[in-house]
Chemist: 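Handing you a structure now.
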Amino acid sequence: MKKESKVFIIYILFLLQSTFANIAHPVTPKFVTGLGIDDYMFGVFFASMSFGLMIGGFLWGHLGELKNKKYIIVIGILIYAVGQVLFGYSTNPFIMVLFRILSGFGSSAPVTLFTAQVIESSSKDKRTRNLGYSVAFMTMGTSIGYYLGGQLGSNPTLIDIFNTDNFSRVFLIQGILNVVLALAVMVFFNFEHKKVEQSKTSIFTSLKYIGSLKPTLFIFLISLALFSMGRINVEKYLDVYFNELGYLSADIGTFVMITGFVSLFTSFLIVPLFKKAKKLLTVILVMHILSAIIIIYVFNSSNFMFNIYSFYMVFIVLRTIYQPLEQTYISEQVTDGKYSLAMGVRQSFFSLGMIIGPLLGGFLYQIKPNFLFNSTAIMFILSSILLVVIILLLRKQKTHINL
């Protein structure tokens, strides 16, 4: 099987995984409030899932170096399916936190190892483009999932068929679809596995991998975590904000569907223009600064709906370009070929931002929604400062590659 054919299979699996992972998101705010749980717990639930993603990212990345990725991904998807169903049928917030951790732990397997496989199956000159396409399919899946979830929660016909006025049914449907996805991975994910002598590798020796990272790459990962904090806060609390403003779950789903089309357009037509960018860090720095400016303007001026469908879409474009560029930059720093492990570390740092962000964001949102959105801009600015530090360090070392 040709490399391009392999990568295309991953695109489709990414699309399905992202679709099925996001079906319950549009109904989650009303599901949580319907149980009489305080709004700040929405952030706690998301942070709990992110904690699972963080610990899972490194573990699955480590196992991906030792075992056939297919079986690791299938196990992760099934764990995610179980966690989501149990969450949807629980009423105790403390027990629900545990199930969210379980869901996050499982979902990090496909996210980490699909990305690693794209890198391994792509030639260096096509890596940025292929990672961009992965983002496109993943984002499109997110949009489709949100749209379907929104319809399941508010469309009278679908409610009559699936009884989804009981939101727990949406989580059950999500669990069943993920079981189907696990079967699809078993059938279609057939990639060569490079065997590693296990006696020389353990989870403990792999932990040393973080300590072996270049100082500049470590700072970059912290910058990634800060950007993740801001991005996740603004995207996830938009669901709550839409709900607070009186919009239906279908409105949320439609909005996210549109952002998906914008991301798809960006990934296929704009991201490839950056595949030969020689100053990745500088490009990323500019994107962070522009993102901060856009977020401040959108959430501090009048006519919210106009801003969210215009200026906010520019942020979606920047966010879409950013992900393949940061993944490319990290992969270029990996000299030992341990892409699964590197992407696992990357996922852990990204998830760290997803933990701290919603926990802080939940309390800020309860005080005033604008406090949350303005804190997002601050995270982007702090991330930019770290990028400047990296650029200065590399220049001091007279290293001008990919500044």
Side-chain angles (χ1 to χ4, degrees), residues 1 5-28 31 49 52-53 56 60 63-64 67-90 99-118 133-153 155 157-191 249 253 256-257 260 264:
M1 184 184 294
S5 298
K6 293 179 181 179
V7 174
F8 184 75
I9 289 174
I10 302 174
Y11 293 159
I12 300 303
L13 294 174
F14 246 138
L15 175 70
L16 294 174
Q17 185 271 332
S18 188
T19 298
F20 299 160
N22 286 279
I23 281 180
H25 285 166
V27 303
T28 300
F31 171 68
M49 188 168 186
L53 279 162
W60 299 126
L63 291 176
K67 307 290 184 181
N68 190 314
K69 292 185 183 67
K70 173 197 290 189
Y71 303 111
I72 305 301
I73 292 170
V74 168
I75 292 170
I77 292 172
L78 293 176
I79 290 174
Y80 173 74
V82 171
Q84 287 298 96
V85 173
L86 292 175
F87 176 83
Y89 281 88
S90 301
F99 292 145
R100 290 304 267 180
I101 294 174
L102 183 66
S103 293
F105 178 74
S107 67
S108 64
V111 172
T112 298
L113 297 181
F114 281 154
T115 302
Q117 190 65 61
V118 169
Y133 289 170
S134 295
V135 174
F137 279 90
M138 186 164 54
T139 306
M140 197 63 215
T142 299
S143 302
I144 294 171
Y146 261 84
Y147 180 78
L148 293 176
Q151 293 300 313
L152 283 171
N155 185 291
T157 302
L158 293 178
I159 289 174
D160 286 341
I161 295 173
F162 298 106
N163 295 320
T164 47
D165 51 343
N166 175 2
F167 293 139
S168 295
R169 291 293 182 91
V170 178
F171 289 92
L172 177 60
I173 292 171
Q174 185 182 39
I176 294 171
L177 289 174
N178 274 279
V179 172
V180 173
L181 173 62
L183 294 174
V185 172
M186 286 295 295
V187 173
F188 297 107
F189 192 94
N190 293 306
F191 297 90
S249 59
V256 176
M257 186 75 174
L264 192 68

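Note that these values count all heavy atoms, side chains included, but never hydrogens, waters or copies made by symmetry.
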Chemist: Does the Thr164 side chain pair with the main chain of Val170, one donor and one acceptor, at a distance under 3.5 Å?
Modeler: no
Chemist: If you take all heavy atoms of Ala109 and Gly76, which pair is closest and at what distance?
Modeler: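 The pair with the smallest heavy-atom distance is CB-CA, 3.8 Å.
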Chemist: Mind running side chain to side chain contact (heavy atoms under 4.5 Å, CB included) on Gln17 and Val111 for me, showing each step along the way?
Modeler: CA-CA 9 Å; Gln17 185 271 332; Val111 172; 4.1 Å; yes
Chemist: Which heavy-atom pair separates Trp60 from Phe105 by the least distance, and what is that distance?
Modeler: NE1-O, 2.6 Å
Chemist: Within the distance-only criterion (no hydrogens, no angle test), does the side chain of Tyr80 pair as donor or acceptor with the backbone N or O of Ala21 below 3.5 angstrom?
Modeler: yes
Chemist: State, to 0.1 Å, how close Val74 and Ala182 come at their nearest heavy-atom pair, and which atoms those are.
Modeler: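 Here Val74 and Ala182 meet closest at CG2-O, 3.6 Å.
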Chemist: If I compare all heavy atoms of Phe20 with all of Leu181, which pair ends up nearest, and what's the gap?
Modeler: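 Smallest interatomic distance, heavy atoms only, reads CD1-CB, 3.9 Å.
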Chemist: Sequence neighbours excluded, which residues qualify as side-chain contact (heavy atoms from CB on, under 4.5 Å) partners of Leu15?
Modeler: Thr19, Phe137, Met140, Ile144
Chemist: Where do Lys70 and Phe189 land on the side chain to side chain contact (heavy atoms under 4.5 Å, CB included) test, with the steps shown first?
Modeler: CA-CA 6 Å; Lys70 173 197 290 189; Phe189 192 94; 3.7 Å; yes
Chemist: Once rounded to the nearest 0.5 Å, what's the spacing between atom CG of Asp165 and atom CG of Asn163?
Modeler: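 One gets 6.0 Å once the value is rounded to the nearest 0.5 Å.
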Chemist: Does Phe14 offer a backbone N or O that forms a donor-acceptor pair with the side chain of Ser18 under 3.5 Å?
Modeler: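 Checking the backbone N and O of Phe14 against the side chain of Ser18, no donor-acceptor pair under 3.5 Å is found.
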Chemist: With rounding to the nearest 0.5 Å, note down the distance linking CD1 in Ile73 to CD1 in Ile10.
Modeler: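 Answer for the CD1-CD1 pair, Ile73 versus Ile10, is 8.0 Å.
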Chemist: Kindly determine whether Arg100 and Gln84 satisfy side chain to side chain donor-acceptor pair (under 3.5 Å), including the steps that lead there.
Modeler: CA-CA 7 Å; Arg100 290 304 267 180; Gln84 287 298 96; 3.0 Å; yes
Chemist: How many angstroms lie between atom OG of Ser108 and atom CD1 of Ile79, to the nearest 0.5 angstrom?
Modeler: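 Rounded to the nearest 0.5 Å, the OG-CD1 separation comes out at 8.5 Å.
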Chemist: Ser107 and Leu53: which non-hydrogen atoms are nearest, and at how many Å?
Modeler: OG-CD2, 3.4 Å
Chemist: Where do Asn178 and Ala81 come nearest, in terms of heavy atoms and distance?
Modeler: CB-CB, 3.8 Å
Chemist: Distance check, rounded to the nearest 0.5 Å: Leu264 atom CG versus Tyr133 atom OH?
Modeler: 10.5 Å
Chemist: Applying side chain to side chain contact (heavy atoms under 4.5 Å, CB included) to Leu172 and Phe162, what does each step give before you reach the verdict?
Modeler: CA-CA 10 Å; Leu172 177 60; Phe162 298 106; over 6 Å; no
Chemist: Are Phe31 and Phe87 packed together at the side-chain level, in the sense that at least one heavy-atom pair is separated by less than 4.5 angstrom?
Modeler: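 Phe31 vs Phe87: side chains touch.
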Chemist: Distance from Phe114 atom CZ to Ile9 atom CD1, nearest 0.5 Å?
Modeler: 11.0 Å
Chemist: Is Tyr71 close to Leu63 at the side-chain level, that is, under 4.5 Å between some pair of heavy atoms?
Modeler: no
Chemist: What verdict does the side chain to side chain contact (heavy atoms under 4.5 Å, CB included) test give for Leu152 and Val27, after you've listed the backbone C-alpha separation in whole Å, the side-chain angles of each residue and the deciding distance to 0.1 Å?
Modeler: CA-CA 9 Å; Leu152 283 171; Val27 303; 5.9 Å; no
Chemist: I want to check something: taking the side chain as every heavy atom from C-beta on, are Tyr89 and Arg169 in contact at a cut-off of under 4.5 Å?
Modeler: yes
Chemist: In Å and rounded to the nearest 0.5 Å, what is the CD1 to CD1 distance from Ile77 to Ile72?
Modeler: 12.0 Å
Chemist: Using a 3.5 Å distance criterion without hydrogens, assess whether the side chain of Thr139 forms a donor-acceptor pair with backbone atoms of Gly260.
Modeler: no
